[in-house]
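As structure tokens, the structure follows; a few thoughts come after it.
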Number of protein chains: 2
Amino acid sequence: MDTLSATLSALADPTRRGLLAQLALGEATVGDLAEPYEMSLAAVSKHLKVLEHAGLVTRGRTAQYRPCRLDAKPMKEALDYLSSYRRFWEENFSRLDALLEEMKADTENPGKDRT
Amino acid sequence: MDTLSATLSALADPTRRGLLAQLALGEATVGDLAEPYEMSLAAVSKHLKVLEHAGLVTRGRTAQYRPCRLDAKPMKEALDYLSSYRRFWEENFSRLDALLEEMKADTENPGKDRT
DNA sequence: TCTATATTAAACCAATTAGTTATCAACTAT
DNA sequence: ATAGTTGATAACTAATTGGTTTAATATAGA
């Protein structure tokens, strides 16, 4: 699977987003991370493996703990992808909207330059 | 399913991202959209239903055609979500990296101020 | 060495997904 | 009316996902 698909599908799950939110507060063990959830530890462990595979989580090894930490770099690629569509929701960049804006500006401030 | 999960999972598929890319060039029919793909029309139709369900595609109705158009608004929410993690990949905001940058700057340009 | 703790792995299950083919529905045009 | 086009739906299959429970592994500490 390509990295963008891996990143987006890893993020497309509320549990996994929750795990990342916890990790945004700092390194944590699997047990720490699992504590807020009702599901089994093994289930959380699997979610972490998905995040790890997507490169969003890396893990260390101290004693019997395998501390997880956030690695947000893959998110950058995802954000860049979404950014490429920005003009489609920032309606003032659309053809029609630009035209309407122009007409509106002409009506309200005749002769004024576009910003 | 929450809208963020729906958006991200809809986007986590290269075929669906391809469909959106085509729609970024303008409205298109299902047949138009399916043409570049090897899969059946029915499969593309299903992908479009996923995109529609996520609010990324809306469709009209003219004659026997059901023209699709892009609606990127749900992407904004996804982008806002990713943006909230920006500080984690803009490494100059991390504690360790700030320190390393400072040390490096001191080594290479002793006495010089940080930019 | 024995036991407790932390985590993963294995085997299993139900639900979902991504695809297929075949059929149905809506509309056009002859 | 009938045939052709466009697209959706249905029924099916194989693979994946998200969860479970139970066992295995790794380490710490008595």
Side-chain angles (χ1 to χ4, degrees), chain A residues 1-23 26-71 74, chain B residues 1-23 26-71 74:
Chain A
M1 183 159 54
D2 62 293
T3 66
L4 182 53
S5 298
T7 302
L8 291 171
S9 72
L11 293 173
D13 180 289
T15 301
R16 289 193 289 263
R17 289 198 301 276
L19 295 172
L20 293 177
Q22 285 182 257
L23 289 173
E27 211 169 272
T29 68
V30 180
D32 294 339
L33 292 165
E35 194 270 325
Y37 297 95
E38 304 220 322
M39 71 187 74
S40 68
L41 195 66
V44 171
S45 181
K46 280 192 190 180
H47 278 302
L48 285 168
K49 201 163 63 180
V50 172
L51 290 168
E52 193 179 8
H53 182 257
L56 289 162
V57 159
T58 59
R59 13 207 6 181
R61 185 78 174 263
T62 59
Q64 68 268 64
Y65 305 92
R66 239 135 304 177
C68 306
R69 48 190 178 292
L70 175 63
D71 183 355
Chain B
M1 185 159 51
D2 62 294
T3 65
L4 182 53
S5 298
T7 302
L8 292 171
S9 72
L11 293 174
D13 180 288
T15 300
R16 289 194 289 262
R17 289 197 302 275
L19 295 172
L20 293 177
Q22 283 180 258
L23 289 173
E27 211 169 273
T29 68
V30 179
D32 294 339
L33 291 166
E35 195 271 324
Y37 296 95
E38 306 221 321
M39 71 187 74
S40 68
L41 194 66
V44 171
S45 182
K46 281 192 189 179
H47 278 302
L48 285 168
K49 201 163 62 178
V50 172
L51 290 168
E52 193 180 7
H53 182 256
L56 289 162
V57 160
T58 60
R59 8 200 18 173
R61 183 77 173 268
T62 58
Q64 67 268 64
Y65 305 91
R66 239 133 306 178
C68 306
R69 48 190 178 293
L70 175 63
D71 183 356

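Since we're looking at a predicted model, the values are computed, not measured. Quick note on labels: first sequence line is chain A, next is B, and so on, each numbered from 1. Basis for what follows: all heavy atoms, side chains included, without hydrogens, waters or symmetry-related copies.
For residues 60-71 of chain B, the side-chain hydrogen bond (donor to acceptor under 3.5 Å, both in side chains) pairs, not counting sequence neighbours, are B:D71-B:K73.
One can place NE2 of A:H53 at 17 Å from C1' of C:dT8, the figure rounded to the nearest angstrom. Here the P atom of nucleotide D:dA26 and the CZ atom of A:R61 are 8 Å apart, to the nearest Å. In this structure, CG of A:L33 is placed 13 Å from P of C:dA6, rounded to the nearest angstrom. For the pair A:Y65 OH and D:dA28 C1', the interatomic distance rounds to 9 Å; values are reported in whole Å. The distance from atom CD of B:Q64 to atom P of D:dG7 is 8 Å, rounded to the nearest whole Å.
Side-chain N or O atoms of A:R17 include one that pairs as donor or acceptor with a backbone N or O of A:L11 at under 3.5 Å. Side chain of A:T7 to main chain of A:T3: a donor-acceptor pair is present (N/O by atom type, distance under 3.5 Å, no hydrogens or angles).
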Side chain to side chain contact (heavy atoms under 4.5 Å, CB included) assessment of B:R59 paired with B:L48:
CA-CA 10 Å; B:R59 8 200 18 173; B:L48 285 168; 3.9 Å; yes
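Proximity of B:T15 to B:M39: side-chain heavy atoms (C-beta onward) are separated by under 4.5 Å at one or more points. When side chains are defined from C-beta on, B:D13 does not count as touching A:L8, because their heavy atoms never get closer than 4.5 Å.
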Any chance you could list the contact pattern along nucleotides 8-20 of chain D? Use B for base contacts, S for sugar-phosphate-only contacts and - for none, protein heavy atoms under 4.0 Å, 5' to 3'.
SB-B------SBB
